[in-house]
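Everything on this sheet refers to the single structure shown next.
In this text, all values refer to a predicted model and were calculated from it rather than measured experimentally. Basis for what follows: all heavy atoms, side chains included, without hydrogens, waters or symmetry-related copies.
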Amino acid sequence: MLRIHLTADDLARVRVAPTAGPLAETFHGLAKLTGVTSCAQFRPWRRQFGGRLAEELRPLASLVNGPGPRLDLGALTGSDPSVEIGIERLLSAPDELFRLELGHVATPQADRRWVRALLEGDLSARQRLADSLLATHDATVGPYWGRIRAHLDAVRADLARTLLDGGVEQLLDTFCAPLIRWRAPVLEVTYPRDLDIPLGGRGLVLAPMVFLADPPVLLTDSMDPDAPHVLAFPTVRDPLTGAGLFSPDPTARHSLTALLGRTRAAALDVVTDGCTTTELARRLNVSAASASQHATVLRNANLITTQRRGGAVLHTITPLGADLLNRTGL
């Protein structure tokens, strides 16, 4: 049992994150794909891969499903909805963070020289990890991200209603029952180890996830002791919900393609990640100018929004665009 002790200050700082990030979902999804699992909710998704793993996915796969603690990839990539920004964070992460996150993880299936190079800050080794992570995302989670993001938005909206109607204690008592129970002032979490964690006024972030099976996972920022803890919790726990997310629906996909055009429908799906024009062009296999044109049309239709972030232009999906994807099941 994990017991999280919350003070009054912690209760005032409880919030719900939109997502743990597409790359964190990718890492946990790969664990479901390569591991021995009886989770019925993921069977429609697993069947589509036929038990085969492409070569470019193998470096990342060698870091999952080892004995003992698991790598917290989200600490290296962040929770930003943009895959491109997550990859940039991975490549620029401090060497100390790599050592803190990877140094205690058992990786018996990984190339020892490669893991050693990662721990020593070798840039080519880190690029190999980034390439494998990006290829894994594009193959496993990317095609479903529109549905996943709409599902997570619905979960977050439901939790927000609970918070408004019943307050933070009702939220803590109901958001992931029976795996999590509120016994004031302690949040009791079903967990493989017996732990007591005092938050000390830092607050708690609840992060809904799709590819996280039981039990929930408590994540900490190893570089910032004052950062709030993150409690990632599963939101897909039954076959019916899994079928809605992962079962193919070619009729609905054809309808959206007929409405927007094949490339533009694909562009709307890509933008659910939150992406730059460069990333959009790469994912669509078109020129940057063509990607910019598609983004303009989608923005004028109020399906996406565009804003500058540093030197890049970041596109994100609107609620209308997410609703359209969710209804068509793309």
Side-chain angles (χ1 to χ4, degrees), residues 18-19 21-26 29 45 48 54 56 77-91 130-131 133-154 210 244-330:
T19 170
L23 296 180
E25 292 279 11
T26 296
W45 175 77
Q48 298 177 49
E56 58 268 26
T77 61
S79 59
D80 195 283
S82 167
V83 172
E84 187 176 58
I85 290 175
I87 293 293
E88 289 177 355
R89 286 194 57 170
L90 176 70
L91 292 173
D131 291 344
L133 175 57
L134 185 58
T136 303
H137 169 268
D138 288 350
T140 61
V141 172
Y144 302 96
W145 187 247
R147 301 186 200 181
I148 290 171
R149 187 63 189 269
H151 165 79
L152 294 174
D153 285 346
V210 164
L245 284 172
F246 304 122
S247 295
D249 188 353
T251 302
R253 186 176 291 109
H254 177 74
S255 299
L256 185 61
T257 300
L259 177 65
L260 298 178
R262 185 178 64 180
T263 303
R264 205 158 288 154
L268 183 62
D269 190 37
V270 170
V271 170
T272 58
D273 293 353
C275 67
T276 64
T277 302
T278 300
E279 183 179 14
L280 181 62
R282 179 185 61 79
R283 293 282 302 278
L284 296 177
N285 196 26
V286 299
S287 68
S290 179
S292 180
Q293 287 182 332
H294 290 306
T296 299
V297 173
L298 294 174
R299 183 171 60 253
N300 290 341
N302 196 31
L303 299 179
I304 70 171
T305 61
T306 300
Q307 59 182 338
R308 287 206 166 273
R309 179 174 294 184
V313 173
L314 182 67
H315 308 292
T316 55
I317 197 165
T318 65
L320 176 61
D323 186 57
L324 180 61
L325 282 175
N326 193 35
R327 288 176 184 274
T328 59
L330 186 64

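Between the CG atom of Leu268 and the CG atom of Leu298 there is a distance of 5.5 Å, given to the nearest 0.5 Å. For the atom pair Glu84 CD and Leu280 CG, the distance stands at 10.0 Å (nearest 0.5 Å). Note that the CG atom of Leu133 and the CG atom of Leu23 stand 4.5 Å from one another [nearest 0.5 Å]. Atom CG in Leu303 sits 7.5 Å away from atom CD1 in Ile317 (nearest 0.5 Å). We find the NE2-CG distance between His294 and Leu260 to be 11.0 Å, quoted to the nearest 0.5 Å. A distance of 9.5 Å separates CG in Asp138 from CD in Glu56, rounded to the nearest 0.5 Å.
Residues Arg149 and Pro22 have side chains not in contact (no heavy-atom distance under 4.5 Å, counting atoms from C-beta outward).
Counting non-hydrogen atoms of neighbouring residues, nucleotides and ligands closer than 6.0 angstrom, the CG atom of Asn300 exceeds 12 such neighbours.
For the residue pair Glu25/Tyr144, the side-chain donor-acceptor check at 3.5 Å is not satisfied. If you check the side chains of Thr316 and Thr305, you find a donor sitting under 3.5 Å from an acceptor.
Checked by atom type and distance alone, the side chain of Glu279 never pairs as donor or acceptor with a backbone atom of Val270 at under 3.5 Å. In terms of modelled atom types and a separation under 3.5 Å, the side chain of Trp45 and the main chain of Val141 share no donor-acceptor contact. Between the side chain of Thr296 and the main chain of Ser292, a donor-acceptor pair closer than 3.5 Å is present.
Across all their heavy atoms, Ser79 and Thr19 have their closest contact at CB-O, 3.8 Å. Residues Gly142 and Asp269 share a closest heavy-atom pair of O-OD2, 4.0 Å. Considering every non-hydrogen atom in both Leu314 and Ser82, the closest pair reads CD1-CB, 4.0 Å.
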Could you give me the CA-CA distance, side-chain angles and deciding distance for Leu134 and Arg282, then say whether side-chain contact (heavy atoms from CB on, under 4.5 Å) is met?
CA-CA 12 Å; Leu134 185 58; Arg282 179 185 61 79; 3.5 Å; yes
